[in-house]
Amino acid sequence: MALRNHSTITEFILLGLSVDSHVQVLLFVLFLGIYLFTIMGNLSMLLVIREDPHLHTPMYFFLSHLSFMDFCLSTAIVPKLLENLLSQSKTISVGGCLAQAFFVFDIGGTEVCLLSAMAYDRYAAICHPLLYGRVMNNQLYMQLVWSSWSLGFLDALINTPLTMNLDFCEAKIIHHYSCELPSLFPLSCSDVSTSLTVLVCSTLLHGGGTFFLIFFSYVRIVSTILSIGSTSGRSKAFSTCSSHLTALSFFYGSAFLRYLMPTSGSPLELIFSIQYGVVTPLVNPLIYSLKNKEVKNALRRTLGKFLQ
């Protein structure tokens, strides 16, 4: 959908994280390192899962999509952040800003859905281990993944065109390092009540629906683990979902709060955005490799294969 012809500005200014030039250089080095490690970590996870037959299971199928989404989310955010840290103008076109907002919303929404699908997978594995192969069959886990992608895209498709119809007349400074839908509403000279209502409702529905599935899954998981007689059995059962719980805690709360809290450019707002958009894509491969013996063994086998 094209922007209205009577919009009087063609670009926004992203203030970023600091106005101090020395701090900006340090931040550039920091975020460049984070981005490079994020790309290497997630591409390594994709390669290992694809190459090792031992990881061709529903859990690692979900994890491969999670790694791909983290790669995409980081790439949608960090390169523009790095550019602005070295630039004096720090501008982004209105079209480029809306495109970035669309992809961040789409990928973030998809990742929330996928994390809830992974919670259901852990529920099936721990609570119904003998029926796991029948419950989590090929058709179901494929449907869960593609439903996650579809719901994330649908949410972005509903919200972004409403923002594209807004008029941006005078205000052009975004108190942020990237374009996100909540940051654009204060800049509009149009009535944003409809766009804001749709964003809040879709976030609550999306977040509430996935939270219910995650909460239900982990209530049953905890109940099942506590009913296991031996300490070693409880520890083994919990270890199968500890990585997912850690990844969930990093991403879910910060993304959900970011899209519901009022836009003010506050440090807390920036921290939430950095946590789910920059830090989470970096730590997810570490969480699933350092805490997972199967992934570590597969990584050794894959490295051995390529070094032969």
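These values consider heavy atoms only, across backbone and side chains, with no hydrogens, waters or symmetry-generated copies.
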task: Dump the intermediate steps for side chain to side chain contact (heavy atoms under 4.5 Å, CB included) on V94 and F12, then the final yes or no.
output: CA-CA 6 Å; V94 173; F12 296 119; 3.9 Å; yes
message: Please determine whether the number of non-hydrogen atoms from other residues, nucleotides or ligands lying under 6.0 Å from atom OH of Y132 exceeds 12.
response: yes
- request: Would you indicate whether F103, at its atom CZ, is surrounded by more than 12 heavy atoms from other residues, nucleotides or ligands within a distance under 6.0 Å?
  value: no
How far does [atom1] of [X] sit from [atom2] of [Y], to the nearest 0.5 angstrom?
| X | Y | atom1 | atom2 | result |
| --- | --- | --- | --- | --- |
| T163 | E180 | OG1 | CD | 12.5 Å |
| L187 | I9 | CG | CD1 | 7.0 Å |
| C72 | E111 | SG | CD | 10.5 Å |
| I107 | S74 | CD1 | OG | 10.0 Å |
| S87 | K80 | OG | NZ | 7.0 Å |
| T57 | D121 | OG1 | CG | 7.5 Å |

[X] vs [Y] side-chain heavy atoms within contact, under 4.5 Å:
| X | Y | answer |
| --- | --- | --- |
| H176 | S273 | yes |
| V279 | I274 | yes |
| N284 | I287 | yes |
| I173 | H175 | yes |
| I214 | R122 | no |
| P281 | F71 | no |
| F28 | L82 | yes |
| V145 | L114 | yes |

Could you tell me which non-hydrogen atom of [X] sits nearest to which non-hydrogen atom of [Y], and how far apart they are?
| X | Y | result |
| --- | --- | --- |
| D167 | S188 | O-OG, 3.0 Å |
| A119 | I221 | O-CD1, 4.2 Å |
| F185 | V192 | O-CG1, 3.8 Å |
| Y276 | L73 | O-CD2, 3.4 Å |
| N42 | P285 | OD1-CG, 3.3 Å |
| D155 | N159 | O-ND2, 2.9 Å |

task: Mind running side chain to side chain contact (heavy atoms under 4.5 Å, CB included) on M59 and L63 for me, showing each step along the way?
output: CA-CA 6 Å; M59 175 181 173; L63 183 55; 5.8 Å; no
Check whether any side-chain N or O of [X] sits under 3.5 Å from a backbone N or O of [Y] as a donor-acceptor pair, and report yes or no.
| X | Y | result |
| --- | --- | --- |
| Q100 | C179 | yes |
| H56 | I49 | yes |
| S148 | L144 | yes |
| S67 | L46 | no |
| T280 | G277 | no |

task: Over 60° means perpendicular and under 30° means parallel, so classify the ring planes of F68 and W149, tilted if in between.
output: tilted
task: Begin with the C-alpha distance, continue with both residues' side-chain angles, and end with the deciding distance and a verdict on side chain to side chain contact (heavy atoms under 4.5 Å, CB included) for L184 and C97.
output: CA-CA 9 Å; L184 299 179; C97 188; 3.6 Å; yes
Do [X] and [Y] belong to the same hydrophobic cluster, where Ile, Leu, Val, Met, Phe, Trp and Tyr are linked whenever their side-chain heavy atoms lie under 4.5 Å apart, directly or via other members?
| X | Y | result |
| --- | --- | --- |
| V25 | F31 | no |
| Y141 | W146 | yes |
| V23 | L17 | yes |
| Y35 | L86 | yes |

message: I want to know whether F61 and H65 have ring centres closer than 6.0 Å.
response: yes
- prompt: Can a donor-acceptor pair be found between the side chains of D20 and H22 at a distance below 3.5 Å?
  reply: no
field: F102: partners by ring pair (Phe, Tyr, Trp, His ring centres under 6.0 Å), with sequence neighbours left out
entry: F153
query: Taking only residues at least two apart or on different chains, which pairs with a member in residues 190-221 satisfy disulfide bond (SG atoms under 2.5 Å apart)?
result: none
message: If you apply the rule side chain to side chain contact (heavy atoms under 4.5 Å, CB included), what do you find for S195 with L199, and how did you get there?
response: CA-CA 6 Å; S195 299; L199 177 64; over 6 Å; no
field: Of all pairs that satisfy ring-ring contact (aromatic ring centres under 6.0 Å, His included), the ones with a partner from residues 107-130, not counting sequence neighbours
entry: Y120-Y123, Y123-H128, Y123-F216
